[in-house]
2 protein chains.
Amino acid sequence: MNVRTLCLSILHEGDATGYEIRRLCVDGECSYFIEASFGSIYPALARLESEGLVSSRTEQQDGKPTKKVYSITPAGRDAFVQELSEPLGEETFRSPFLLFARFAHLLPRDLVEARANEFLRERSERNKIVTAAKATSMNACDAWVINYGRAMMGVAEEYLRAHMHELIALARAEPNKDAAE
Amino acid sequence: MNVRTLCLSILHEGDATGYEIRRLCVDGECSYFIEASFGSIYPALARLESEGLVSSRTEQQDGKPTKKVYSITPAGRDAFVQELSEPLGEETFRSPFLLFARFAHLLPRDLVEARANEFLRERSERNKIVTAAKATSMNACDAWVINYGRAMMGVAEEYLRAHMHELIALARAEPNKDAAE
DNA sequence: CCGGCATATATCGATCCGACATACCCGGCC
DNA sequence: GGCCGGGTATGTCGGATCGATATATGCCGG
């Protein structure tokens, strides 16, 4: 699932700028299973335009920089459906925190506690965004996907809240201040 | 969380070859939150060796190609703990299937049904691996992490099993065979 | 006996991320 | 008034990473 397809999927639902696509990835309701950075979105949009799958127009705004609004073309819609029909890539889930947690016994308790709290807070905030998305003004497929995410991320938060103190208890009791530089 | 750190984390638990590290990422109990390909593991190991954080020895085997077994050095252990103490990266979760599912209404029912079944089967097999991992011969931190994964992936499987028929029902009824080339 | 599969190492092009550069306006603050 | 931080917006660039491929060997089944 490359950034090209991601851009087409968003433009399929309506016009957007590169900046807005990025925001949807970070803050949107689908932020829990989609991701892309500026460094890949802008080149992807430029390439899509050169291939005739999207078109763009510049819009002046006062008080804000000029923006470049992209629209999907009929050829783009076809290419998108075609792409979805091809075999799907693997699901990837990568969690630096879980790698950290596996080695909690090597690390000072203060650090483990701090990281666990950060992690819970971030998870909790993300979940609030997804839970806040109201089912009205959302098609049935979107609702299905959002509920999938809600279910998964909900138990993640619950597990953390219920068991994080166990993890903290497993951490090294003495920070061993001599080792600190 | 780069591949370097991932390699150090595995070598911290015991010696391994590049090939074995890859296998642990794909089939191991932590396969649900860790990933790396040959294309990044081998260069990472070479660089770690040049920096003195790991050492290697070649081992002849009969019936199998010669292998290069890596061990972590004391400097490597220090660097690993140091790396874990630094701020953690963001969690990333990317799911081509969920992107596909958002647009189920555009796609023929047969295809949606086939992909949903594939996805459930893969999820289910992964879960069996993680559930099969016995708590004995596992330290408490590992158990904590495995249980986190079990909880998340468990509900993912349940949700799929319970609701996939709803998604299939949302797909396009007629495959529209004229459109197929 | 030949093709497919598992073991094992390694490279290479394409993709993608993360940090930075640039630019403008707004609001707060000393 | 000046200055800094933050939001909006586009884009580049180096490095990290992926996915496919190359190479080699030996085993097993048809």
Side-chain angles (χ1 to χ4, degrees), chain A residues 1-8 10 15-27 31 33-51 54 56-70 83 86-94 96 99, chain B residues 1-8 10 15-27 31 33-51 54 56-70 83 86-94 96 99:
Chain A
M1 199 82 330
N2 48 12
V3 178
R4 283 174 91 254
T5 313
L6 168 61
C7 290
L8 287 178
I10 287 170
D15 295 356
T17 67
Y19 190 77
E20 283 163 354
I21 291 175
R22 163 71 180 176
R23 283 239 317 223
L24 283 171
C25 294
V26 175
D27 302 321
S31 64
F33 73 93
I34 267 182
E35 250 164 329
S37 65
F38 289 131
S40 45
I41 289 171
Y42 284 116
L45 286 171
R47 206 181 123 194
L48 285 169
E49 190 170 20
S50 78
E51 291 170 2
V54 306
S56 73
R57 62 180 188 280
T58 51
E59 270 184 20
Q60 249 86 17
Q61 318 178 97
D62 34 44
K64 286 177 190 176
T66 303
K67 65 183 182 179
K68 208 162 156 186
V69 182
Y70 288 91
E83 204 114 23
E86 247 124 87
L88 300 172
E90 293 266 306
E91 206 165 47
T92 66
F93 175 42
R94 225 168 307 185
L99 180 57
Chain B
M1 199 82 329
N2 49 11
V3 178
R4 283 174 91 253
T5 314
L6 168 61
C7 290
L8 287 178
I10 288 170
D15 294 358
T17 67
Y19 190 76
E20 284 164 354
I21 290 174
R22 163 71 180 176
R23 282 238 319 222
L24 284 171
C25 294
V26 175
D27 302 321
S31 64
F33 73 92
I34 266 182
E35 251 164 331
S37 65
F38 288 131
S40 46
I41 290 172
Y42 284 116
L45 286 171
R47 205 182 124 195
L48 285 169
E49 190 170 19
S50 79
E51 290 171 0
V54 306
S56 74
R57 62 180 187 279
T58 52
E59 270 184 20
Q60 249 87 17
Q61 319 177 95
D62 34 46
K64 286 177 191 175
T66 303
K67 64 183 183 179
K68 208 161 155 187
V69 182
Y70 289 91
E83 204 114 23
E86 247 124 89
L88 299 173
E90 292 267 306
E91 206 165 48
T92 67
F93 175 43
R94 225 168 309 183
L99 181 56

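Both backbone and side-chain heavy atoms feed into the values below; hydrogens, waters and symmetry mates do not. Being a predicted model, the structure only gives us computed values, none of them experimental. Reminder, nothing fancy here: chain letters follow the sequence lines and each chain counts from 1.
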Does A/A36 reach a base, just sugar-phosphate, or nothing at all? Heavy atoms under 4.0 Å. sugar-phosphate
Tell me: CD of A/E20 to P of D/dT8, nearest whole Å? 10 Å
Testing C/dA8, D/dT8, D/dC18 for proximity to the side chain of B/K64, the answer is C/dA8
Of the listed nucleotides (D/dC18, C/dA8, D/dG7), which one gets closest to any side-chain atom of B/Y42? C/dA8
Can a side chain N or O of A/Q61 be found less than 4.0 Å away from OP1 or OP2 on D/dA9? yes
Using a 4.0 Å heavy-atom cut-off across all strands, classify B/G39 as base, sugar-phosphate, or nothing. base
Which residue lies more 5' along DNA chain D, comparing A/T17 with B/R47 via nearest heavy atoms: A/T17
Looking at C/dC16, I'd like to know if its phosphate oxygens (OP1 or OP2) sit under 4.0 Å from a side-chain N or O belonging to A/R4. no
Whole-Å gap separating P (D/dA9) and CD (A/Q60): 13 Å
Test side-chain contact (heavy atoms from CB on, under 4.5 Å) on B/N2 and B/E83 and set out the steps. CA-CA 10 Å; B/N2 49 11; B/E83 204 114 23; 4.2 Å; yes
Out of D/dG11, C/dG18, C/dA10, minimum distance to the side chain of A/K68 belongs to D/dG11
Would you mind reporting whether B/R57 and B/D15 have side-chain heavy atoms less than 4.5 Å apart? yes
d(CG, B/L45; P, C/dA10) in whole Å: 9 Å
In whole Å, I'd like the distance from the CD atom of A/E35 to the P atom of C/dC17. 8 Å
Separation of atom CE in A/M1 from atom C1' in D/dG19, rounded to whole Å: 15 Å
Nearest-angstrom distance from the residue atom CD1 of A/I21 to P of C/dC17: 13 Å
Counting side-chain heavy atoms from CB outward, which of C/dC17, D/dT10, C/dA6 is closest to B/Y19? C/dA6
Whole-Å distance between D/dC18 C1' and B/F38 CZ? 13 Å
Assess whether side-chain contact (heavy atoms from CB on, under 4.5 Å) is satisfied between A/R4 and A/L48, documenting all intermediate values. CA-CA 7 Å; A/R4 283 174 91 254; A/L48 285 169; 3.9 Å; yes
Do B/V54 and B/L8 make a side-chain contact, defined as non-hydrogen atoms from C-beta onward lying under 4.5 Å apart? yes
List the steps, then state whether side-chain contact (heavy atoms from CB on, under 4.5 Å) holds for B/L6 with B/C25. CA-CA 9 Å; B/L6 168 61; B/C25 294; 3.9 Å; yes
From CD1 of A/I41 over to P of D/dT12, roughly how many Å is that when rounded to an integer? 14 Å
Picking from C/dC17, C/dA8, D/dC18, which would you name as closest to the side chain of A/S40? C/dC17
OP1 or OP2 of C/dC16 under 4.0 Å from side-chain N/O of A/R22: no
Verdict with reasoning, B/R94 to B/E35, per salt bridge (charged side-chain N to carboxylate O under 4.0 Å, His left out): CA-CA 12 Å; B/R94 225 168 309 183; B/E35 251 164 331; over 6 Å; no
Map B/N2 and B/P65 onto DNA chain D by nearest heavy atom, then report which one ends up closer to the 5' terminus. B/N2
Quick check for you: among C/dT11, C/dC17, C/dT9, whose closest atom lies nearest to any side-chain atom of B/K67? C/dT9
